[in-house]
Visitor: 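Sharing a structure here in C-alpha cells format.
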There are 2 protein chains.
Amino acid sequence: MFKEQGMKLSTRSRYGVRMMSDLADHYDLVPIFLKDIAKREDVSEKYLSLIVISLRSAGLINSTRGAHGGYKLARRPEEITVKDILEALEGDICLVDCVSNPESCSRVSICPTRDIWGILGRKIGETLSSVTLADLASTRRKKAENNIRSNI
Amino acid sequence: MFKEQGMKLSTRSRYGVRMMSDLADHYDLVPIFLKDIAKREDVSEKYLSLIVISLRSAGLINSTRGAHGGYKLARRPEEITVKDILEALEGDICLVDCVSNPESCSRVSICPTRDIWGILGRKIGETLSSVTLADLASTRRKKAENNIRSNI
DNA sequence: ACCTTTCCTATCGATTCGATAGTAATTAAA
DNA sequence: TTTAATTACTATCGAATCGATAGGAAAGGT
C-alpha cells in the first residue's frame, strides 16, 4: 500500500499510438513492415504484433500477409483520432462502471461522486478526439526541424 | 491480450473520494468513526483504514486516536479539490513518465506523442481541481431532494 | 483496569502487465 | 515449385499490482 505512481497510461496504449503515428508518416506508400516500425519506434516486434491485432480488428489499419506484406492506415491520417486508437486498445473510455452501466451499482441515485467521473470521462474523450494522426505527423516534422537547427 | 476494459479508476481512488465526500457532509462536527463511514459508504472498514493513511499524511484530514476518536477534514470543504484527493491516493497525475521526467526516455526530442500526453494530463488536472468537496456535498443534497420528490 | 478507536505491518489470492516463444497461414519472387 | 519473408494465432512466463483480510500495537477516554 505504498506505491506512489498511479494514473499511468499502459505501454500497450503508448506503443499503439507510437505505431499509428509512424504509419501516418508513411501514409499512401506501400505497406510497412512491422519489423521496421518496431525498429524505428524502439519497441519489441513480437509485442507490437499483438497490439496490432486490436488495431486491425477495430478497422484502423489494413494488413497484407506474405512477402512484401505489411500494414497501412485504413483511413487518411486526418480521419483517425487518438481516441479511436485508445478505444481500440483499451476498450471504452469510462472511468467507472456505473457511468455507462447504472445497474452495476445500487448507490447510483445517491452517490455524488458518480457525476464527476462522468464529466471527467467526457472531457478526456473530447481532448483525445481533438487530436488526429495528422496533428501528430505535423508535430513530428516540427520537432525534426528544431533538432536540425539546434545541431547547427 | 483480449481484455477489453481499460482506463478504469482504481477502487482505492473511488473509495477515497467517497470517504472524503462523506466527511464533507459532517464537517465542523465531532470526529467521525471510520466504522460509520465504512457502513454508510458501503466499503470494507479494514480496507478504508489503509486508504485513510495516505489522506492523512497528505494533510487532507486530521485524526484523533482512542475512544471517541475518528477523522475530520483538515480544511473547509471548499478548500479541498478532487485533485488533492487523487494526488494523495495515486501520486502525481502524470500519464507517462517522460512528461514530468524527460530523462526517462531518450526519444523525448523526437517523439510526437509525448506532447499529447502532456496536454491530456494537464486537462485532467484542470477538471479535477475544478471540483471541490463542497460541490460534492451540494450535489448530494440535490440528489437526496430528488429522491424524496420521486417517492411521493 | 478496560474498552474503543486509530495505527501499522504483513500477507493472501487473483488478476493484469509486459514480454517471449513457437508455429501456422499466406504471398511474392527465384 | 521451392524458398524466403511476412503476418496471424495461441500459449505461456515472471513480475507487478490490486483488492482485501488479519492481527496486534499504540493512544486515549471512562
Side-chain angles (χ1 to χ4, degrees), chain A residues 1-19 23 30-39 41-58 60-72 74 86 89-91 95-97 105, chain B residues 1-19 23 30-39 41-58 60-74 89-91 95-97 105:
Chain A
M1 212 68 175
F2 13 66
K3 257 285 126 57
E4 277 300 334
Q5 179 133 285
M7 297 286 296
K8 283 276 172 290
L9 201 67
S10 68
T11 41
R12 176 178 166 84
S13 290
R14 286 189 293 117
Y15 288 179
V17 175
R18 294 234 295 257
M19 167 171 186
L23 281 177
V30 291
I32 311 294
F33 300 151
L34 199 62
K35 186 185 15 170
D36 293 338
I37 301 176
K39 197 175 296 177
E41 300 295 329
D42 199 24
V43 172
S44 146
E45 180 187 349
K46 270 297 189 189
Y47 190 34
L48 207 51
S49 79
L50 297 184
I51 296 175
V52 104
I53 295 175
S54 305
L55 295 172
R56 184 173 48 90
S57 60
L60 298 180
I61 57 180
N62 294 326
S63 61
T64 315
R65 295 171 72 158
H68 296 87
Y71 299 94
K72 291 187 57 169
L86 288 202
L89 295 176
E90 306 276 357
L95 295 176
V96 295
D97 280 335
C105 179
Chain B
M1 210 70 176
F2 14 65
K3 256 286 126 57
E4 279 299 332
Q5 180 133 281
M7 296 286 297
K8 284 273 173 292
L9 202 67
S10 69
T11 40
R12 177 178 166 85
S13 289
R14 284 190 293 118
Y15 288 178
V17 175
R18 293 229 302 254
M19 168 172 184
L23 281 177
V30 290
I32 311 295
F33 299 151
L34 200 61
K35 187 184 18 171
D36 294 337
I37 301 177
K39 196 176 293 176
E41 300 296 328
D42 199 26
V43 171
S44 147
E45 180 188 350
K46 269 295 188 190
Y47 191 33
L48 207 52
S49 79
L50 297 185
I51 296 175
V52 103
I53 295 175
S54 305
L55 295 172
R56 184 174 47 91
S57 59
L60 298 180
I61 58 180
N62 295 325
S63 61
T64 315
R65 296 172 72 158
H68 297 87
Y71 298 94
K72 293 188 57 169
L73 293 186
L89 296 177
E90 307 275 357
L95 295 175
V96 294
D97 281 334
C105 180

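A note on names: the letters A, B, ... follow the listed sequences, proteins ahead of strands, and every chain is numbered from 1. Scope of the values below: all heavy atoms of this structure, side chains included, with no hydrogens, waters or symmetry mates.
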Visitor: Answer yes or no: does a side-chain N or O of B/K35 lie under 4.0 Å from OP1 or OP2 of C/dT5?
Guide: yes
Visitor: Whole-Å distance between C/dT6 C1' and B/L55 CG?
Guide: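 One finds 14 Å between C1' of C/dT6 and CG of B/L55, rounded.
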Visitor: Can you find an N or O donor on one side and an acceptor on the other, under 3.5 Å apart, linking the side chain of B/R65 with the base of D/dA26?
Guide: yes
Visitor: Taking OP1 and OP2 of C/dA21, is either one under 4.0 Å from a side-chain nitrogen or oxygen of A/K46?
Guide: no
Visitor: What's the closest nucleotide to the A/F33 side chain, out of D/dT6, C/dA28, C/dT6?
Guide: D/dT6
Visitor: What is the distance, rounded to the nearest whole Å, between atom CG of B/L34 and atom P of C/dC8?
Guide: 14 Å
Visitor: May I ask you to evaluate whether A/R56 reaches the phosphate of D/dA8, defined as a side-chain N or O under 4.0 Å from OP1 or OP2?
Guide: yes
Visitor: With respect to the phosphate group of D/dT21, does any side-chain polar atom (N or O) of B/S44 fall under 4.0 Å of OP1 or OP2?
Guide: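 The answer is yes; a side-chain N or O of B/S44 sits under 4.0 Å from OP1 or OP2.
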Visitor: Between A/S10 and A/H68, which residue's closest nucleotide on DNA chain C lies nearer the 5′ terminus?
Guide: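 The answer here is A/S10.
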Visitor: Select one nucleotide: of C/dC7, C/dC17, C/dT27, the one nearest the side-chain heavy atoms of B/S63.
Guide: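 Nearest to the side-chain atoms of B/S63, counting from C-beta on, is C/dC7.
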Visitor: Are A/R14 and C/dC17 close enough that a side-chain N or O sits under 4.0 Å from OP1 or OP2?
Guide: no
Visitor: Determine the minimum heavy-atom distance between B/Y71 and B/S63, stating which atoms define it.
Guide: CE2-CB, 3.5 Å
Visitor: Does a side-chain N or O from A/Y47 land closer than 4.0 Å to OP1 or OP2 of C/dC17, or not?
Guide: no
Visitor: Closest to the A/L50 side chain: C/dA19, C/dC7, D/dA20?
Guide: C/dA19
Visitor: I need the CD1-C1' distance between A/I37 and D/dA5, as an integer number of Å.
Guide: 16 Å
Visitor: Quick one: closest heavy-atom pair of B/K8 and A/D97, and the distance?
Guide: CE-OD1, 3.1 Å
Visitor: Quick check: closest heavy atoms across A/I53 and A/S49, and the distance to 0.1 Å?
Guide: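 Heavy-atom minimum between the residues: CG1-O, 3.5 Å.
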Visitor: Using whole Å, report how far NZ of A/K72 lies from P of D/dT6.
Guide: 17 Å
Visitor: Provide the closest heavy-atom pair for A/P31 versus A/K72 in the form atom of the first, atom of the second, distance.
Guide: CA-CG, 3.6 Å
Visitor: Using whole Å, what does the distance between atom C1' of nucleotide C/dT5 and atom CG of B/L48 come to?
Guide: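 It is 14 Å, rounded to the nearest whole Å.
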Visitor: Take atom OH of A/Y15 and atom P of C/dG18, then tell me their distance rounded to the nearest Å.
Guide: 8 Å
Visitor: Within this structure, what is the CD1-to-C1' distance between B/I53 and D/dA26, rounded to whole angstrom?
Guide: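 Between C1' of D/dA26 and CD1 of B/I53: 13 Å.
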Visitor: Could you pick out which residue, A/G69 or A/S49, lies toward the 5' side of DNA chain D when each is mapped onto its nearest nucleotide?
Guide: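 Residue closer to the 5' terminus by nearest nucleotide: A/G69.
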Visitor: Which pair of non-hydrogen atoms, one from A/S54 and one from A/L89, has the smallest distance, and what is that distance?
Guide: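 Here A/S54 and A/L89 meet closest at CB-CD2, 4.0 Å.
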Visitor: What's the CD-P distance between A/E45 and C/dG22, to the nearest Å?
Guide: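 Going from CD in A/E45 over to P in C/dG22 covers 15 Å.
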